[in-house]
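So that the names make sense, note that chain A is the first sequence line, chain B the second, and so on, each numbered from 1.
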Protein chains: 4
Amino acid sequence: MQVTVTEAARRQQIAEAAVEVVARHGFAGASFAKIVEHAGLSSTRLISYHFRDKSDLMMTTLISAISAVDDRMNERLDGTTDRVDMLRSYIEFLVGMLTTHPDQVRAIREIGANMPEFAPVLRDFRTGRLERQLVQGQREGVFGEFDVRVVARTIANGVDGADGADTDVDAYARELADLFIRSCVG
Amino acid sequence: MQVTVTEAARRQQIAEAAVEVVARHGFAGASFAKIVEHAGLSSTRLISYHFRDKSDLMMTTLISAISAVDDRMNERLDGTTDRVDMLRSYIEFLVGMLTTHPDQVRAIREIGANMPEFAPVLRDFRTGRLERQLVQGQREGVFGEFDVRVVARTIANGVDGADGADTDVDAYARELADLFIRSCVG
Amino acid sequence: MQVTVTEAARRQQIAEAAVEVVARHGFAGASFAKIVEHAGLSSTRLISYHFRDKSDLMMTTLISAISAVDDRMNERLDGTTDRVDMLRSYIEFLVGMLTTHPDQVRAIREIGANMPEFAPVLRDFRTGRLERQLVQGQREGVFGEFDVRVVARTIANGVDGADGADTDVDAYARELADLFIRSCVG
Amino acid sequence: MQVTVTEAARRQQIAEAAVEVVARHGFAGASFAKIVEHAGLSSTRLISYHFRDKSDLMMTTLISAISAVDDRMNERLDGTTDRVDMLRSYIEFLVGMLTTHPDQVRAIREIGANMPEFAPVLRDFRTGRLERQLVQGQREGVFGEFDVRVVARTIANGVDGADGADTDVDAYARELADLFIRSCVG
DNA sequence: TATGAATGAGTGTTCATTCAT
DNA sequence: TATGAATGAACACTCATTCAT
């Protein structure tokens, strides 16, 4: 039985399977074979057919995972105007994603760590929005003087590195938000 | 031509070569073949002979890299009593290691990310000393109230994540130290 | 030059080559490399492609060898109704296979001795038919009282162990049949 | 600490360890490494030092195992004059060895199956004594006319093939003795 | 008598990819 | 759009054995 689907739909299906495989087996463990098995496809040939090469697949996988997270973030942060509230929500939301969307979060981290050439895409996701918010806060006088790029990057690092913490995730998220708010608010 | 060396010396030689290979090619790219080539040895059989398996080699490699960093850190921090100075020195020193000992730093990160079973060893290196210093600082009233484990972990994440930053490293280090000192003091 | 054949045909081709290699080099000596060489294939990768693992290959090889023997046996024994004739034919036929189909016989023995998990398959081949015939003979009063499983097993052991005997094979076969008929009849 | 022992004692110590390793891991699984580990020796070099090559080790191992079995058999059968009693005792004793000396019995079988060049040694152990007894029995008129070599060989095969039988060992032994006594007496 | 160190050949298995319809 | 078949390179690891004291 040969199931025919549109090109775009197949790519998306494979990318979503790849997100889960990368998250669970790590980047190195995410072979075509495992992805094919996880997606219930007939052979690895399907991946080779729909993607130029592994890099192409991984880029699509990364974008798929980032989109899922970004969509949720937009819903959540929409309408928040207070800068401090925004910063707290941002941090707590992303740490919370470790529980609600662990596959996406981990896939983003794994791919980011193993595909240096994707740095630009990842950089925008990790710190783009944050930098803009921090700059606005500084202009409004809510935040003190500091290098927004360093702080934004450190916040992203702190959020990413929260994964695997043994303690209660919500408590961890609050502590993390407290940490950066103490530092940013002048 | 058979060159014979003591067991301990060979292990150390191989581990040091492994540090460099892991740093430059990543954990997944650090095959026995590449390590052997880099070390100028005759065959991969030499690694199998001196190490029980790859995990054994990687643990030794990790310890080798950690020792190199720890030794320098002990020299540097020895005699520093002021808590705030200590915190600044600690952060700036480790970020500086990205320039002076990039292989060791990256090998530690790569192995840590790919060998979950080494977590205890890595955890002690990353946050052990820092947690003790932060607790002391709180007792002395220099640092405020915060969860020491979260802050120590976030500092470690911030330092690790400094790698690859495009800006001037020393400036980055100072900004990072400023960030955490603002948050911890007061 | 890439030669393409159907999956089933390739599996059969490889399994048949494996029968011969196992028979001639023993189970331990039957490496993928030797089988590939014997079959005139391009690389060991072809085996890995068509079989899940070595165990899968060996099971297929065993079944291939058993089928070849069983098919001949069915032709030979078909129509024989007399129990004593049947027993004699069975024993003489199998000993004769040592000459006409030595590769199959030896491959079965080698694989059986080295893959304990295949015991059920082998047990059925070695003693299944025999046990049924002996039970029938006992019901008909042709054979005396004895433990059918022990006798069937001993006959199979006696036939297998005939391999390598220096004397004339046909004479050996007759003597062996005489031995068990004396014991079973009356 | 270097323990020095006489040449002969070392050889015997290693051979006895090899008996157990061959019995438990099969011939193919009996590597120098496993034997060294089982014997508590410092390195495989000790085996290479005391034995010309693996064949030399295996021959010594085979002789060691055969001697252990032969010694017990001599004790047991000494004084038995009745031919039928002797045949029954012989069979039941050897099957019983599967329980009392499984390592020796299995090592003999494994080495015999994998070292065709040891056939002469093994042949004498397996059928030598038996053939002489059968010939005597025929001369005395206790046993019928049959080819003693075929019968002796088949008894040996039947005893060897008793290993792994699921039923009660003693019952199996009695049935086996019954089988051959029915056939021989007569 | 014993040992530490080294070795080349070989094992099955996995990898992403290409050929040919 | 999909597929079955094939591929060469690489992987960690094990083998019995030899070199050099």
| message | Can you confirm whether A/Glu37 is buried at CD, in the sense that more than 12 heavy atoms of other residues, nucleotides or ligands lie under 6.0 Å from that atom? | response | no
| task | Please check if atom CZ in C/Arg123 has more than 12 non-hydrogen atoms from other residues, nucleotides or ligands closer than 6.0 Å. | result | no
Which pair of heavy atoms, one from [X] and one from [Y], lies closest together, and at what distance?
X	Y	answer
A/Phe118	A/Ile111	CD1-CG2, 3.8 Å
B/Ile35	B/Ala30	CD1-O, 4.1 Å
B/Ile14	B/Leu46	CD1-O, 4.1 Å

| field | Watson-Crick or G-U pairs under 3.5 Å in DNA chain E, rendered as dot-bracket with [ ] for crossing pairs and | for another strand | value | .||||||||||||||||||||
Could you check how far [atom1] of [X] sits from [atom2] of [N], rounded to whole Å?
X	N	atom1	atom2	answer
A/Leu46	F/dA5	CG	P	15 Å
D/Leu57	F/dT17	CG	P	9 Å
B/Ile47	F/dC11	CD1	P	11 Å
C/Leu41	F/dG8	CG	C1'	15 Å
C/Lys34	E/dT11	NZ	P	6 Å
D/Ile35	F/dC15	CD1	C1'	12 Å
D/His50	E/dT3	NE2	C1'	11 Å
B/Asn114	F/dC11	CG	P	16 Å

| request: Would you indicate what A/Phe32 reaches in the nucleic acid, counting non-hydrogen atoms under 4.0 angstrom: base, sugar-phosphate, or nothing? | output: base
| What does A/Thr44 touch in the nucleic acid at a heavy-atom separation under 4.0 angstrom: a base, only the sugar-phosphate, or nothing? | base
Ignoring backbone atoms, test whether [X] places a side-chain nitrogen or oxygen under 4.0 Å from the OP1 or OP2 oxygen of [N].
X	N	value
C/Arg10	F/dG4	no
A/Ser43	F/dT3	no
B/Ser42	E/dT7	yes
B/Ser31	F/dC11	yes

Of the nucleotides [options], which has the atom closest to the [X] side chain?
X	options	result
D/Tyr49	E/dA5, F/dA5, E/dT1	E/dT1
A/Ser48	F/dC13, E/dT17, E/dT14	E/dT17
C/Lys54	F/dA16, F/dT3, E/dT13	E/dT13
D/Arg45	F/dT18, E/dA9, E/dA16	F/dT18

| pair C/Arg24-C/His38: side-chain heavy atoms closer than 4.5 Å | yes
| Cationic tip of D/Lys54 within the cone over D/Phe27's six-membered ring, i.e. under 6.0 Å and within 45° of the normal? | yes
| A/Asp160/A/Arg106 salt bridge by N-O under 4.0 Å criterion | no
| query | If you pin B/Ala30 and C/Ala8 to their nearest nucleotides in DNA chain F, which one's is more 5'? | reply | C/Ala8
| query | Does C/Asp53 or B/Thr6 map to a spot on DNA chain E nearer the 5' end, using the closest nucleotide for each? | reply | B/Thr6
